[in-house]
Amino acid sequence: MYTQRPAEFDYHRPTSLDEAIGLLGRSDDARALAGGHSLLPLLKLRLAEVGTIIDIGRIPGLDGIEQDGDAIRIGALATHAAVAASELVRSRCRVLAVTAEGIGDRQVRNRGTIGGSLAHADPGADYPTVVMALGATITATGSSGEREIAADDLFTGIFTTSLQPGELLTSVEVPIVAAGNGAAYAKHRHPASGYAVAAVAANLKVESGKCAGARLVVGGVTGTPVHATEAENAMIGIAPVDEAAIAAAVEKIPSALAGALGDTYASPDYRVHLAQVMAKRAIASAFEAA
Ligand SMILES: Cc1cc2nc3c(=O)[nH]c(=O)nc-3n(C[C@H](O)[C@H](O)[C@H](O)COP(=O)(O)OP(=O)(O)OC[C@H]3O[C@@H](n4cnc5c(N)ncnc54)[C@H](O)[C@@H]3O)c2cc1C
């Protein structure tokens, strides 16, 4: 039966991180609620049921955006709109601000959070691809304290992460894009939602016109974002980074995309094709930004 009402659940609204973690640990089917822009649709459509909702949205101190050495630490509850509007992010890691600005629509950006997006691990989400390309580090907090997870190790499958039961994602530390480096993100937006049908984040290190390092991550095509390792290797050492060199590297993208997803909007082959188009755009923009 079609319904717009979730099944019943218990609801808690903790006012501190400790209280939230205590509540999460108390029941096997408790789930955090942040901006609600992924969880609530699932509950309302009864694609998911949870016994206990822990609404973390009003815990103070979890939405900060601040510089921490060579990185920017972004609290889990920072909304997409806050990331997009942050002068710090815009000036030191512009690709992330531009990515946030391109998520969904205004309402989604005003409610959805970076922590919720990373923890939800939707294959079509934007942040996972970008934080992997930037080499970000995620902090998870549970009853035994904090631990760090490299963004490359966070996404383990469709809607699945290496967060442990009872843990909350509390912040993400994104390296500042250093002088001489350039990062860019290109996505083919789903026309209805804005989710990535295929997207590529490129993070290049350029020295005297030569590509000295490359991180290329493809999102939206497979269950998790993946490094296009052969294309990354093909980029290293090329000079000049011109159209022909980019085209040669981009030819290697499909080798990373075994198991490409398909749906009524885009077949697996079309997604792989789009990934190559997005890769060309992302690499060219990243090189220009370097
Ligand atoms: C119409 C529409 C269009 C959208 N378009 C896009 C788009 O173009 N690109 C894009 O990337 N996203 C898009 N989204 C998704 C949006 O960005 C969500 O905000 C995001 O995926 C989830 O963040 P949230 O704060 O709303 O999380 P919630 O919905 O509250 O939670 C999502 C999941 O993450 C868990 N969770 C939340 N916070 C934490 C935490 N701190 N620690 C551990 N677990 C946590 C919850 O338990 C839940 O399982 C769209 C959503 C909608 C409704």
Side-chain angles (χ1 to χ4, degrees), residues 6 9 11-14 17 20-21 23-25 27 29-45 47-59 61-64 74-84 96 98-132 138-142 146-147 149 154-155 158-172 185-199 201 219-220 224-225 265:
F9 50 79
Y11 176 84
H12 298 273
R13 192 194 286 170
L17 183 57
I21 286 169
L23 286 163
L24 267 181
S27 96
D29 65 350
R31 198 81 88 85
L33 176 75
H37 269 59
S38 289
L39 185 56
L40 289 184
L42 289 176
L43 296 178
K44 284 183 160 188
L45 294 169
L47 294 171
E49 272 188 34
V50 295
T52 307
I53 292 275
I54 315 292
D55 183 350
I56 61 172
R58 289 173 181 80
I59 297 178
L62 277 186
D63 62 351
I74 304 175
L77 291 180
T79 61
H80 311 328
V83 174
L96 198 67
V98 172
T99 300
E101 199 168 72
I103 293 177
D105 53 34
R106 192 180 294 265
Q107 183 180 343
V108 172
R109 292 192 293 275
N110 281 337
R111 297 293 306 173
T113 66
I114 192 165
S117 174
L118 295 172
H120 191 57
D122 191 310
D126 295 301
Y127 283 133
T129 307
V130 176
V131 299
M132 273 179 60
I138 277 72
T139 299
T141 309
E146 287 187 349
R147 71 185 177 103
I149 308 169
L154 182 67
F155 309 103
I158 298 180
F159 301 117
T160 317
T161 68
S162 54
L163 288 171
Q164 295 300 309
E167 277 185 334
L168 283 175
L169 190 160
T170 40
S171 66
V172 52
Y185 179 62
K187 80 164 159 173
H188 181 91
R189 291 170 67 91
H190 189 285
S193 64
Y195 277 108
V197 177
T224 65
Y265 180 74

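A quick note: this is a predicted structure, and the numbers were derived from the prediction, not measured. Counting convention: from 1, in listed order, for ligands and their atoms alike.
When each atom of ligand 1 is checked for a heavy atom of Leu169 under 4.0 Å away, the hits are 40 (C), 41 (N), 42 (N), 43 (C). Near Leu33, meaning under 4.0 Å from any of its heavy atoms, are these atoms of ligand 1: 30 (O). Near Ala125, meaning under 4.0 Å from one of its heavy atoms, ligand 1 places the atoms 10 (C), 11 (O).
Checking only distances, Val108 never comes within under 3.5 Å of ligand 1, N or O to N or O. Residue His37 has at least one nitrogen or oxygen atom sitting less than 3.5 Å from a nitrogen or oxygen atom of ligand 1, judged on distance alone. By the 3.5 Å distance cut-off applied to N or O atoms, Arg31 is counted among the residues near ligand 1. For ligand 1, the polar-atom distance check finds an N/O of Gly35 within less than 3.5 Å of one of the ligand's N/O atoms. In terms of N/O distances under 3.5 Å, ligand 1 is not approached by Gly124. Below 3.5 Å of separation, one finds an N or O of Gly194 facing an N or O of ligand 1. Taking distance alone, with nitrogen or oxygen atoms compared against 3.5 Å, Gly115 stays at or beyond that limit from ligand 1. For the pair Thr113 and ligand 1, the shortest N or O to N or O distance falls below 3.5 Å.
Counting heavy atoms only, His120 comes closest to atom 33 (C) of ligand 1 of the residues His190, Lys187, His120. The option from Gly219, Gly112, Gly57, Ala48 that lies nearest to atom 19 (O) of ligand 1, judged by heavy atoms, is Gly112. Considering each of Ala20, Ser193, Ser117, the one bringing a non-hydrogen atom nearest atom 5 (N) of ligand 1 is Ser193.
Ranking the protein heavy atoms by distance from atom 47 (O) of ligand 1 puts Ala32 O, 2.5 Å first.
Assignment of Ile56 to the shell around ligand 1 is supported, since a heavy atom sits closer than 4.0 Å. Ligand 1 has no atom lying under 4.0 Å from any heavy atom of Pro41.
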Review point. Does the pair Asn110 and Thr79 meet the rule for a side-chain contact (heavy atoms from CB on, under 4.5 Å), with working shown?
Key: CA-CA 6 Å; Asn110 281 337; Thr79 61; 5.8 Å; no
So Arg31 and Phe9, side-chain contact (heavy atoms from CB on, under 4.5 Å) or not? Walk me through it.
CA-CA 10 Å; Arg31 198 81 88 85; Phe9 50 79; over 6 Å; no
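At a heavy-atom distance under 4.0 Å, only side-chain atoms of His80, from C-beta outward, approach ligand 1.
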